[in-house]
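Here's the structure, in structure tokens; my notes come after.
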Amino acid sequence: MIGLVASFVVFGSIGAVYLRGVRARRRRGLQRPATGSIAAMLAGLTVAALVLDGPADSIADQLFWAHMLQHLALITIVAPLIVLGEPLRAFEEVLPMRLRRAAGHIEGELWARDGAARRTAMSGLVISTVALLAWHTPLAFQTALRNNSLHALEHLTLLVTALFFWWPILTPGLRQRIGTGFAIVEVLVATTVMTVLGAMLTFSPAVWYPAYAAAERAHDIGALADQQLAGLLMWIPSGMLYLVIIAVLFVRWIDSETSRPSDRRGVRTAPSPERSSAR
């Protein structure tokens, strides 16, 4: 219970700073996150507090499927919600002017050209994939179970790299820069990696993480059954969520493409100078 309260204090403080930045943008007459974006940000912080501490974390220390649920929540729920909250605009307002200008300059350089934007998006995919696979190797995973600091680093790494991955995909202006088709391919690659890892856990005849054995017996569940359940969670629910996101992106892509011809038909083109002079 104490851990859950502390977690809410930490994420509540982040939310308070975010809302302060939103109010500052409003006072200055600048574009601020919409109401839906603010709700998404606060929902993401709430989910993070719930899954990272308290009863949820205690269960995750004893059962692998619950630990996997934590990771999936961070990657597929918390990170997308925070990105939808447009936090950069709000957090920039609470930075000193020098840091604010530096952050704006870096962001502008990253997204100045389509090629640079796509390289940045690809970097997010690669880094998040490496983090996911590296932390789920038996050595790294079991070491993190025995070390609280390393365990916290594991969760922080998964969340930060997931934010980097979802940032260009779920931010409309950035997605336009990299192209919706490119964004869809990135999500397809990510869900393929998640599906393959989940399938490997589900169908593996060997237990990957023996460190859970004693706790699993206490909960009257076999180690292999626990691992299979974790693999199914990584495989099916997360895959369905990724497919929903792909479907939404695809529909928006088709809508944007089909609206272009009508826009062109609605605009009368002026005669060229050559034709005017010939008449």
Please confirm whether the ring centroid of Phe203 lies under 6.0 Å from the ring centroid of Trp235. yes

Ion pair Arg28/Glu93, N-O distance below 4.0 Å: yes

Closer than 3.5 angstrom, by distance alone: can the side chain of Gln70 be matched with the main-chain N or O of Ala66 as a donor-acceptor pair? no

When you measure from the side chain of Gln227 to the backbone of Val207, do you find a donor-acceptor pair of N or O atoms at a distance under 3.5 Å? no

How close do Tyr18 and Pro33 get, heavy atom to heavy atom, and via which atoms? OH-CB, 3.6 Å

Taking the inter-plane angle between the rings of His67 and His155 on a 0 to 90° scale, is it parallel (under 30°), tilted (30 to 60°) or perpendicular (over 60°)? perpendicular

So, does Tyr212 use its side chain to make a donor-acceptor pair with the main chain of Gln142 at under 3.5 Å? no

Short question: side chain of Asp226, backbone of Leu63 - any donor-acceptor pair under 3.5 Å? no

Gap between atom CH2 of Trp166 and atom OG of Ser128 - 0.5 Å precision: 9.5 Å

With distance as the sole test, does Arg175 use its side chain to make a donor-acceptor pair with the main-chain N or O of Pro168 at under 3.5 Å? no

Non-hydrogen side-chain atoms of Met122 and Arg119 separated by less than 4.5 Å: no

May I ask you to check whether Ser37 and Glu86 show a side-chain donor-acceptor distance below 3.5 Å? yes

Check the surroundings of atom CH2 in Trp65: do more than 12 heavy atoms from other residues, nucleotides or ligands lie under 6.0 Å from it? no

